[in-house]
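Worksheet for the structure shown next.
Chain letters run A, B, ... following the sequence lines, proteins first and then strands; every chain starts at 1. These numbers come from the heavy atoms of this one structure, side chains and all, not from hydrogens, waters or symmetry mates.
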2 protein chains.
Amino acid sequence: MSGYLHPAPGDIRLTTVLAALGDPVRIAIVRALAAAEIGLNCSAAGPIENVPRSTLSHHFRVLREAGVISMVKKGVENINTLRRADLDDRFPGLLDQILRSSCADLGPDSAGASTSPPEAPAASAAP
Amino acid sequence: MSGYLHPAPGDIRLTTVLAALGDPVRIAIVRALAAAEIGLNCSAAGPIENVPRSTLSHHFRVLREAGVISMVKKGVENINTLRRADLDDRFPGLLDQILRSSCADLGPDSAGASTSPPEAPAASAAP
DNA sequence: TACCGTAGTTCCAGAATACCGAACTATTGG
DNA sequence: CCAATAGTTCGGTATTCTGGAACTACGGTA
């Protein structure tokens, strides 16, 4: 059936799921899959941004191995679906909550915004 | 003289928060801070596991720069508190949902697909 | 003052992972 | 068979994670 390896529902771990969703490209993929309630191939689920296909493939693999999506080869393409039931069963309400929250995260996209550098000359100011 | 640099509430990004929480050590820290509703120093908030201090310091920095925790130097120690208000303001319900879900993530794996919600928060106290 | 112990940070290496171009592997259609 | 499509895998480089050793900062004690 599914040609790829997916974790069993009981093996889905919260930290792995959160780490998988903690990436702008990957959460965009998940949001696209959640919006289209049917399976999408990688091109349709990937964001319109200029993401190379090898990088996209990597992101799909992370999502798949985290148990967030399910991937089934169908002809020349891969059909990706959100593992909603498995996620809701293991972490009830989590996925919906994150998808709802992600609406507030749209805006100045990641990378290079000079408004808030994540690293700073740390620690104690002048004593 | 607040000490360390924290992102402004409006600069807290969902993907950064999820990435910060997508680590076993870091979510253990957040759970400890959530359980003890007061500030904890790094030693008290850190998991009992054998995590070196340098690694722990790194994890606290990631949480701080993600906007998850706030760190204030107080004497010889750092007092860490969860930025509950800021997180709830930006992503309402998200933190509670994740903390609730993280109870299901304890242990190596759960046998079978059972919809039993684990409601046994055993140890909760810190001295 | 000096000295000591505690609490964290910083520095430096090595391991692990992320990114992306290029080459490769199916599968479908002409 | 040949070409096009859809993704994967393979390289090198870049970034991050991990942990030991050294360091800074503060409080207490003479």
Checklist entry - Could you write nucleotides 1-15 of chain D as a row of B, S and -, 5' to 3', where a protein heavy atom under 4.0 Å of any base atom gives B, of only sugar-phosphate atoms gives S, and otherwise -? => result ----BSBBB------

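For R84(A), the side chain to side chain donor-acceptor pair (under 3.5 Å) criterion is met by D96(A), not counting sequence neighbours. Applying the side chain to side chain contact (heavy atoms under 4.5 Å, CB included) test to P92(A) and every residue at least two apart in sequence or in another chain returns nothing. Listed by chain and number, the residues in a side chain to side chain donor-acceptor pair (under 3.5 Å) with R53(B) amount to none (sequence neighbours excluded). Listed by chain and number, the residues in a side chain to side chain contact (heavy atoms under 4.5 Å, CB included) with S43(A) are N41(A) (sequence neighbours excluded). The salt bridge (Lys or Arg N to Asp or Glu O under 4.0 Å) test applied to D89(B) returns no partner, not counting sequence neighbours. By the salt bridge (Lys or Arg N to Asp or Glu O under 4.0 Å) test, R26(B) is found to be paired with no residue, residues two or more places apart in sequence or in another chain being considered. Under the side chain to side chain contact (heavy atoms under 4.5 Å, CB included) criterion, A45(B) pairs with I29(B), L33(B), L40(B), F60(B), sequence neighbours left out.
Distance NE2 (H59(A)) to C1' (dC20(C)): 11 Å, rounded to an integer number of Å. Atom C1' of nucleotide dT6(C) and atom NZ of K74(B) are separated by 15 Å, given to the nearest angstrom.
The backbone N or O of Q97(B) lies less than 3.5 Å from a partner atom in the side chain of S101(B), making a donor-acceptor pair.
Between its two ends, the helix from dT1(C)-dA30(D) to dG30(C)-dC1(D) turns its axis by 10°, counting five pairs per end and rounding to 10 degrees.
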